[in-house]
Peer 1: 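Just passing along the structure, written as structure tokens.
Side-chain atoms are counted along with the backbone in the values below, which use heavy atoms only and exclude waters and symmetry mates.
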Amino acid sequence: MKIHHIGIHVSSLEEAWREYVIKWGFQMVTGLTIEKEKLFFLRKGEVIVELVNGPVSTQPIHLAISVSETNASSYIDCLFQYEFELVETVLLKENERSFYFADNKGNEIELVMTSKNSRFCDPSLDCE
């Protein structure tokens, strides 16, 4: 298991982008719009930060974990076993899908299922 990214809700993408890129040396990976949320993915070395602007969720920060297509179901089963509820599934691109889970306190975990063609695929995961 490897951390994929840490998501942070921000009130202004532009201000947060300047902070992370200019002050801290992150580089832009990609930007997306999914429904009412705008996202910037930034990288510095192996660290990926997702800046999220949109309707505020109960969790201002969430943890995303990379999983390959071959082992995603075992992670999903494990979260169900520990009484996490599947809240949402989002197709990011043809080769990336996110599964959002929450526990009974609203803590959020995102499983990012990646394939070899994904720009976020970690070779140690044997992404397919």
Side-chain angles (χ1 to χ4, degrees):
M1 176 181 347
K2 182 173 180 173
I3 294 175
H4 182 275
H5 69 269
I6 297 173
I8 302 168
H9 277 82
V10 298
S11 58
S12 167
L13 280 177
E14 291 74 22
E15 287 177 23
W17 180 87
R18 281 194 293 274
E19 180 82 12
Y20 279 83
V21 172
I22 295 170
K23 190 173 183 180
W24 296 344
F26 279 77
Q27 295 181 338
M28 182 78 158
V29 175
T30 190
L32 301 170
T33 299
I34 300 175
E35 296 180 12
K36 296 180 180 180
E37 290 184 326
K38 292 183 181 179
L39 316 169
F40 284 174
F41 284 90
L42 308 174
R43 172 178 271 168
K44 183 173 184 179
E46 292 187 24
V47 176
I48 299 174
V49 173
E50 172 193 30
L51 303 176
V52 181
N53 180 260
V56 178
S57 74
T58 57
Q59 288 294 308
I61 297 175
H62 74 268
L63 177 66
I65 299 168
S66 290
V67 297
S68 70
E69 290 173 314
T70 54
N71 65 13
S73 63
S74 63
Y75 284 104
I76 291 169
D77 290 344
C78 182
L79 287 169
F80 283 142
Q81 180 181 354
Y82 288 101
E83 299 181 2
F84 277 77
E85 179 183 341
L86 180 62
V87 177
E88 183 177 21
T89 303
V90 177
L91 179 64
L92 301 174
K93 297 187 180 192
E94 287 181 31
N95 48 16
E96 295 172 346
R97 179 178 300 275
S98 285
F99 300 89
Y100 293 89
F101 291 86
D103 68 9
N104 61 3
K105 293 181 173 70
N107 297 306
E108 188 175 272
I109 291 180
E110 176 186 357
L111 294 183
V112 181
M113 186 176 66
T114 57
S115 67
K116 285 186 179 178
N117 298 327
S118 168
R119 73 178 76 198
F120 295 113
C121 179
D122 177 355
S124 69
L125 291 174
D126 190 31
C127 302
E128 295 185 349

Peer 1: Would you say Phe40 and Val21 make side-chain contact, with heavy atoms under 4.5 Å?
Peer 2: no
Peer 1: Does a donor on one side chain sit under 3.5 Å from an acceptor on the other, for Asn71 and Ser74?
Peer 2: no
Peer 1: For the residue pair Phe41 and Leu32, establish whether any side-chain heavy-atom pair is separated by less than 4.5 Å.
Peer 2: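 Yes, close enough: below the 4.5 Å cut-off.
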Peer 1: For Glu88, I'd like to know if atom CD has over 12 heavy atoms of other residues, nucleotides or ligands within 6.0 Å.
Peer 2: yes
Peer 1: Hey, what do you get for CD1 (Ile48) to CG (Leu42), rounding to the nearest 0.5 Å?
Peer 2: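 That separation rounds to 10.0 Å.
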Peer 1: Check the surroundings of atom CD in Glu85: do more than 12 heavy atoms from other residues, nucleotides or ligands lie under 6.0 Å from it?
Peer 2: no
Peer 1: Can you get from Ile22 to Leu51 by hopping between Ile, Leu, Val, Met, Phe, Trp and Tyr side chains that sit under 4.5 Å apart?
Peer 2: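 In one cluster: no.
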Peer 1: How long is the gap from CZ on Phe84 to CG on Leu111, to the nearest 0.5 Å?
Peer 2: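 Going from CZ on Phe84 over to CG on Leu111, the span is 10.0 Å.
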Peer 1: If you measure from OG1 on Thr89 to CZ on Phe101, what distance do you get to the nearest 0.5 Å?
Peer 2: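 So the gap between those two atoms works out to 7.0 Å.
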Peer 1: For Glu110 and His5, which I'm curious about, is there any donor-acceptor pair between the side chains at under 3.5 Å?
Peer 2: yes
Peer 1: Pairs of donor and acceptor atoms involving the side chains of residues 11-18, under 3.5 Å and at least two apart or interchain, shall be tabulated with distances.
Peer 2:
from: Ser12; atom 1: OG; to: Glu15; atom 2: N; distance (Å): 3.2

Peer 1: Would you sort out whether Glu46 and Lys2 count as a side chain to side chain contact (heavy atoms under 4.5 Å, CB included), showing the intermediate values?
Peer 2: CA-CA 11 Å; Glu46 292 187 24; Lys2 182 173 180 173; 3.5 Å; yes
Peer 1: Shortest non-hydrogen contact from Leu91 to Arg97?
Peer 2: CD1-NH2, 3.7 Å
Peer 1: Give the C-alpha distance, both sets of side-chain angles, the deciding distance and a yes or no for side chain to side chain contact (heavy atoms under 4.5 Å, CB included) between Ile76 and Phe80.
Peer 2: CA-CA 6 Å; Ile76 291 169; Phe80 283 142; 3.5 Å; yes
Peer 1: Any non-hydrogen side-chain atom of Ile65 less than 4.5 Å from a side-chain atom of Tyr75?
Peer 2: no
Peer 1: Looking just at side-chain N and O atoms, do His62 and Glu50 make a donor-acceptor pair shorter than 3.5 Å?
Peer 2: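 There is such a pair (donor and acceptor under 3.5 Å, judged by atom type) between the side chains of His62 and Glu50.
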Peer 1: Say you draw a straight line from CG of Asn53 to NE2 of His9; how long is it, rounded to the nearest 0.5 Å?
Peer 2: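 If we round to the nearest 0.5 Å, Asn53:CG and His9:NE2 are 8.5 Å apart.
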Peer 1: When rounded to the nearest 0.5 angstrom, what distance separates OG in Ser66 from CE in Met113?
Peer 2: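 Between Ser66 OG and Met113 CE, I get 12.0 Å after rounding to 0.5 Å.
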Peer 1: Go through the steps to decide whether Gln27 and Arg43 satisfy the test side chain to side chain contact (heavy atoms under 4.5 Å, CB included), and finish with yes or no.
Peer 2: CA-CA 5 Å; Gln27 295 181 338; Arg43 172 178 271 168; 5.5 Å; no
